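None of the values given here were measured: they were computed from a predicted structure.
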Amino acid sequence: PLAALQAFGLLTILERQGVLLDLTMADRILNVVVVVTGSMILMWLGELITQYGIGNGVSLLIFAGIVGAVPTTALQLWQTFDVSQLPMYLGFIAAIIAIIAGIVVISEAERPIPITYAKQVRGSRSYGGGGSYLPIRVNNAGVMPIIFALSLLLFPQMAANFMVQSSQALIASTGSWILATLANQWIYAALYFVLVFAFTYFYSSITFDPHAISTNLQKSGAFMPGVRPGRPTADAISRIVNRLTLVGALFLGIIAMLPMVMQAITGLAALAVGGTALLIVVSVAIDFVKQVNAQISMREY
């Protein structure tokens, strides 16, 4: 159903842009069936890669699609290369290296919360004791907030495109105003940043439950040094998660805005580096390397 809905939306956008003309109802149904079938085949291939290969299949397919566009972009840059723009290209390469390094650092960064296990005495022997830590990732939400923000920003644009064609002057003028507002690059970037920031907190609050973690620690006889078990432990974990989520939300917001900022600075769409694509590529590469190392270790043992 989602693929059919997106296929219909894609056909509508292409018709609005004049790419497709004079589509009959049979043509619409055929095109929707083609897009849905292609989506299902890709999902099936992704599941096969996950089952018989290494890494997450769907993520690797997305990774291949993003990396496959790199030679075309490099060719465009080479064709428009000018010696006077050499400092800008060198700065672009340095920016890519710095952004990739930042993504790796933030994606792999975690805050260890020290945990101490209480000793249990049974007869003449004592069990348990010792210390460990509870790792909490800085970027706990991953790429999902950016995807949510993009989806939410696309909805007003689609609605405004339909409103513009209304016979009512008020509705048509409202749709035109929405399109004109979202066409402003800086307004769009500001809304994008705010939505990514908000969805990072929203997604983290859903996927990470400090009360459940506190309860599990209490049941296993573990506690945070200097913090009472139960509600105080949950509050302490919640404060730490909120501070880490602030860093992760700012990081995702900056990464999401980077393509627009780079394009505004350089004036070239090919130099719009950053965004979801780069985040997905780096994350998939890190996960792939980890799984390969795990397979190597298993073979050795």
For the student: nearest non-hydrogen atoms of G46 and L61, plus distance: N-CD1, 3.8 Å
Within residues 229-251 or reaching into it, pairs that qualify as side chain to side chain donor-acceptor pair (under 3.5 Å) - sequence neighbours excluded: R231-D235
Residue pairs, two or more places apart or on separate chains, that pass ring-ring contact (aromatic ring centres under 6.0 Å, His included) and touch residues 175-200: F148-F199, F197-Y201
Neighbour count >12 (heavy atoms, 6.0 Å) for atom CE, M25: no
Minimal non-hydrogen separation, L252 against P145, with atom names: CD1-CG, 3.9 Å
Side-chain (T37) to main-chain (V33) donor-acceptor, under 3.5 angstrom: yes
Side chains of L246 and T200 in contact at under 4.5 Å (non-hydrogen atoms): no
Exceeds 12 heavy-atom contacts within 6.0 angstrom, atom CD1 of I206: yes
Pairs satisfying salt bridge (Lys or Arg N to Asp or Glu O under 4.0 Å), at least one member in residues 25-50, at least two apart: E15-R28
Heavy-atom closest pair, residues P225 and P114: CD-O, 3.3 Å
Check: L182 and P156 side chains under 4.5 Å, non-hydrogen atoms: yes
Qualifying residues under salt bridge (charged side-chain N to carboxylate O under 4.0 Å, His left out), relative to E108, sequence neighbours excluded: R137, K290
Residue pair I54 / L60: nearest heavy atoms and the distance that separates them: O-CD1, 3.2 Å
Whether S173 side chain and L170 backbone form a donor-acceptor pair below 3.5 Å: yes
Verdict with supporting geometry, F223 and I115, side chain to side chain contact (heavy atoms under 4.5 Å, CB included): CA-CA 6 Å; F223 60 91; I115 300 295; over 6 Å; no
Heavy-atom pair with the smallest gap, counting every atom of P112 and Y133: CB-CD1, 3.4 Å
Same apolar cluster: L153 and L258, side chain cutoff 4.5 Å: yes
Exercise: identify the closest heavy-atom pair between V32 and A7: CA-CB, 4.1 Å
Salt bridge (Lys or Arg N to Asp or Glu O under 4.0 Å) pairs, two or more places apart, involving residues 207-221: none
Heavy-atom side-chain contact between I136 and E110 under 4.5 Å: no
Side chain to side chain donor-acceptor pair (under 3.5 Å) partners of S59, counting only residues at least two apart: N56
